[in-house]
*Asks:* 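Before anything else, here's the structure in question.
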Protein chains: 2
Amino acid sequence: MEKDILIQFGERIRSLRISNKLSQEELANKTGFHRTYIGLIERGQRNLSLRNIEVFSKYFNLTVNELMNFENDKN
Amino acid sequence: MEKDILIQFGERIRSLRISNKLSQEELANKTGFHRTYIGLIERGQRNLSLRNIEVFSKYFNLTVNELMNFENDKN
């Protein structure tokens, strides 16, 4: 069964954060989100909005389409 | 200046709907959304959630990443 999209998105953010050598706190500071929100997103516990998705794509310098490319998560 | 992401997403949904020869009402019935919600999304007036984005990707048989590929909107 296909993994829940919130979990896929959370894993994507986590993988990008780690490959950028950032803590959740640092990513929170850079995106303007609260640290706990970053944690909740990474655990697939937030159904975030398109605008918030765009905040991440802009921060990681990806298009929203590239950000949502969960298959090759080796970015 | 880059077009607002809600407008880009709305245009994408509209373009997919039209290429599938559906009215807003028909798309609403097929996705379970209200017709007015479809209209608001198409006009870029709704900051929809990831789960609602996934409803559209599943209906149009696209991955979320393909759905969010606004550049080549000639699907």
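In what follows, every chain begins at residue 1, and chains take the letters A, B, ... in the order their sequences are listed.
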*Asks:* Are B:Gln8 and A:Leu50 packed together at the side-chain level, in the sense that at least one heavy-atom pair is separated by less than 4.5 angstrom?
*Replies:* no
*Asks:* Counting only heavy atoms not in A:Arg35, do more than 12 sit closer than 6.0 Å to its CZ atom?
*Replies:* no
*Asks:* Tell me whether B:Val64 is reachable from B:Phe70 by hopping between hydrophobic residues (I, L, V, M, F, W, Y) whose side-chain heavy atoms are closer than 4.5 Å.
*Replies:* yes
*Asks:* Would you check if the side chain of B:Asn65 reaches a backbone N or O of A:Met68 as a donor-acceptor pair within less than 3.5 Å?
*Replies:* no
*Asks:* Is the CZ atom of A:Arg17 crowded by more than 12 outside heavy atoms at less than 6.0 Å?
*Replies:* yes
*Asks:* In terms of hydrophobic clusters joined by side-chain contacts under 4.5 Å, are A:Leu62 and A:Phe9 together?
*Replies:* yes
*Asks:* Report the option among B:Leu48, B:Asn52, B:Ile5, B:Leu67 that has the most heavy-atom pairs separated by less than 4.5 Å from atoms of chain A.
*Replies:* B:Ile5
*Asks:* Using only atom types and a distance under 3.5 Å, with no angle test, would you say the side chain of B:Asn47 pairs donor to acceptor with the backbone of A:Ser49?
*Replies:* no
